Visitor: 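One structure is given below, represented as structure tokens, and several questions about it will come after.
In this chain, residues are counted from 1 in sequence order. The analysis underlying the following values was restricted to heavy atoms, covering all of them including side chains, and did not include hydrogens, waters or symmetry mates. Keep in mind it's a predicted model, so treat the numbers as computed, not measured.
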Amino acid sequence: ITNSKFLMLWHIDTALVGLLFYYLGYIFMKYINKLNVIINSNKSLILILFTFPLAYYLQYINGRVSMNGNYYNNIALFLISSLITIFSFIIFTNIILKKDKLFKVVGIMSIFYLGYHSCLLTPVKHFIPYMVSNNILTIITSILVFILLYPISKLCLKYTPILVGKFKEK
């Protein structure tokens, strides 16, 4: 988008691309009632089976993208594939949330998980042997951090809801 050293220092260019997604989310929320007809329909699984491969194909054609380095290859392909992927994940999570209560709790506590997962990463990594491959180590670490944070998040939601953005109503 730009090559200015000053803007790159502050990542203003990346923030503007992020702001575009934020704005599109705002627009999406304005029309959520109309879109719920599509999202909650019986054909939503078929839509996912079409949109995920389409998004993957567009991302494959576009190539490597680095928002940090302000490198998007073809910006139109980047935006289209990103929006298709986001829409697919919205439909996918709605299907999962109807069937699984655990993911609903994680969704409610996502700010808590984002804020406190790093506190557990170092101790958990310390106790996992490094002989395992990086992919397996990452999966094991993620599962352990999730399991360890789950009871803490439930207690936090019950006794200190303000820490997760919930306020007691008067």
Side-chain angles (χ1 to χ4, degrees), residues 1-5 7-118 121 124-125 128 130 132-147 149-150:
I1 295 176
T2 182
N3 287 328
S4 169
K5 296 279 186 199
L7 292 179
M8 290 293 285
L9 175 68
W10 297 100
H11 293 284
I12 293 172
D13 43 5
T14 303
L16 290 174
V17 174
L19 191 61
L20 174 66
F21 284 105
Y22 185 82
Y23 177 71
L24 291 172
Y26 174 77
I27 299 279
F28 178 81
M29 290 307 290
K30 283 179 81 170
Y31 297 102
I32 190 75
N33 291 335
K34 293 178 183 175
L35 292 171
N36 270 337
V37 174
I38 298 168
I39 292 171
N40 294 323
S41 72
N42 293 336
K43 297 176 183 162
S44 60
L45 187 60
I46 296 168
L47 192 60
I48 287 175
L49 293 175
F50 172 73
T51 55
F52 268 134
L54 175 65
Y56 178 79
Y57 177 71
L58 292 174
Q59 291 166 2
Y60 180 76
I61 289 173
N62 193 32
R64 179 163 162 62
V65 170
S66 172
M67 288 185 76
N68 194 34
N70 198 30
Y71 182 72
Y72 302 96
N73 277 329
N74 184 334
I75 191 80
L77 273 178
F78 165 73
L79 290 172
I80 291 168
S81 66
S82 298
L83 293 174
I84 291 172
T85 304
I86 291 168
F87 186 69
S88 300
F89 271 105
I90 289 171
I91 295 171
F92 182 69
T93 53
N94 274 345
I95 291 171
I96 288 176
L97 288 178
K98 288 179 185 174
K99 300 184 185 308
D100 196 349
K101 302 284 186 215
L102 179 67
F103 283 104
K104 193 173 278 191
V105 172
V106 172
I108 292 169
M109 299 302 295
S110 60
I111 292 175
F112 180 84
Y113 276 91
L114 285 171
Y116 293 103
H117 79 280
S118 60
L121 279 178
V124 167
K125 281 184 178 179
I128 295 177
Y130 288 101
V132 212
S133 75
N134 283 342
N135 291 339
I136 294 173
L137 179 66
T138 302
I139 292 169
I140 292 171
T141 305
S142 299
I143 291 170
L144 283 174
V145 167
F146 176 80
I147 290 170
L149 276 179
Y150 184 75

Visitor: Give a yes or no answer on whether the side chain of Thr14 reaches the backbone of Met67 with a donor-acceptor pair at less than 3.5 Å.
Guide: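 Such a contact is found between Thr14 side chain and Met67 backbone.
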Visitor: Going from CD1 on Ile86 to OG1 on Thr51, what distance comes out if it is rounded to the nearest 0.5 angstrom?
Guide: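 Nearest 0.5 Å value for the CD1-OG1 distance: 12.0 Å.
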Visitor: Do the side chains of Tyr72 and Leu79 get nearer than 4.5 Å, heavy atoms only?
Guide: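 Side-chain contact under 4.5 Å: no.
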Visitor: Mind checking the CZ-CZ spacing from Phe52 to Phe92? Nearest 0.5 Å is all I need.
Guide: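 CZ of Phe92 is found 6.5 Å from CZ of Phe52.
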Visitor: Give a yes-or-no answer on whether the side chains of Asn62 and Tyr60 include a donor-acceptor pair shorter than 3.5 Å.
Guide: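 Short answer, no.
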Visitor: Is any side-chain heavy atom of Leu149 closer than 4.5 Å to a side-chain heavy atom of Tyr116?
Guide: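 When only atoms from C-beta onward are counted, Tyr116 and Leu149 do touch, with a gap below 4.5 Å.
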Visitor: Working to the nearest 0.5 angstrom, can you tell me the gap between Leu16 CG and Tyr22 OH?
Guide: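 It is 15.0 Å, given to the nearest 0.5 Å.
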Visitor: Taking the inter-plane angle between the rings of Tyr113 and Phe146 on a 0 to 90° scale, is it parallel (under 30°), tilted (30 to 60°) or perpendicular (over 60°)?
Guide: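 Ring orientation, 0 to 90° scale: parallel.
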Visitor: In terms of heavy-atom contacts, does CZ of Phe21 have more than 12 from other residues, nucleotides or ligands at under 6.0 Å?
Guide: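 More than 12 within 6.0 Å, yes.
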Visitor: For Ile84, run the side-chain contact (heavy atoms from CB on, under 4.5 Å) check against Ser88, Ser81, Ser82 and tell me which one passes.
Guide: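 Only one of Ser88, Ser81, Ser82 forms a side-chain contact (heavy atoms from CB on, under 4.5 Å) with Ile84, namely Ser88.
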Visitor: Can you tell me how far apart CG (Leu54) and CG (Leu47) are? Round to the nearest 0.5 Å.
Guide: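 Reported to 0.5 Å precision, the distance equals 10.5 Å.
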Visitor: Rounded to the nearest 0.5 Å, how far apart are CG of Leu83 and CG of Leu58?
Guide: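 Nearest 0.5 Å value for the CG-CG distance: 11.0 Å.
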Visitor: Would the number of heavy atoms belonging to other residues, nucleotides or ligands and lying under 6.0 Å from CZ of Phe89 be above 12?
Guide: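 Atom CZ in Phe89 is not crowded, with 12 or fewer foreign heavy atoms closer than 6.0 Å.
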Visitor: Are any side-chain N or O atoms of Asn73 and backbone N or O atoms of Phe78, one a donor and one an acceptor, separated by less than 3.5 Å?
Guide: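 Checking the backbone N and O of Phe78 against the side chain of Asn73, no donor-acceptor pair under 3.5 Å is found.
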Visitor: Which atom names give the shortest non-hydrogen contact between Thr85 and Gln59, and what distance separates them?
Guide: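 Residues Thr85 and Gln59, closest heavy atoms: OG1-NE2, 3.0 Å.
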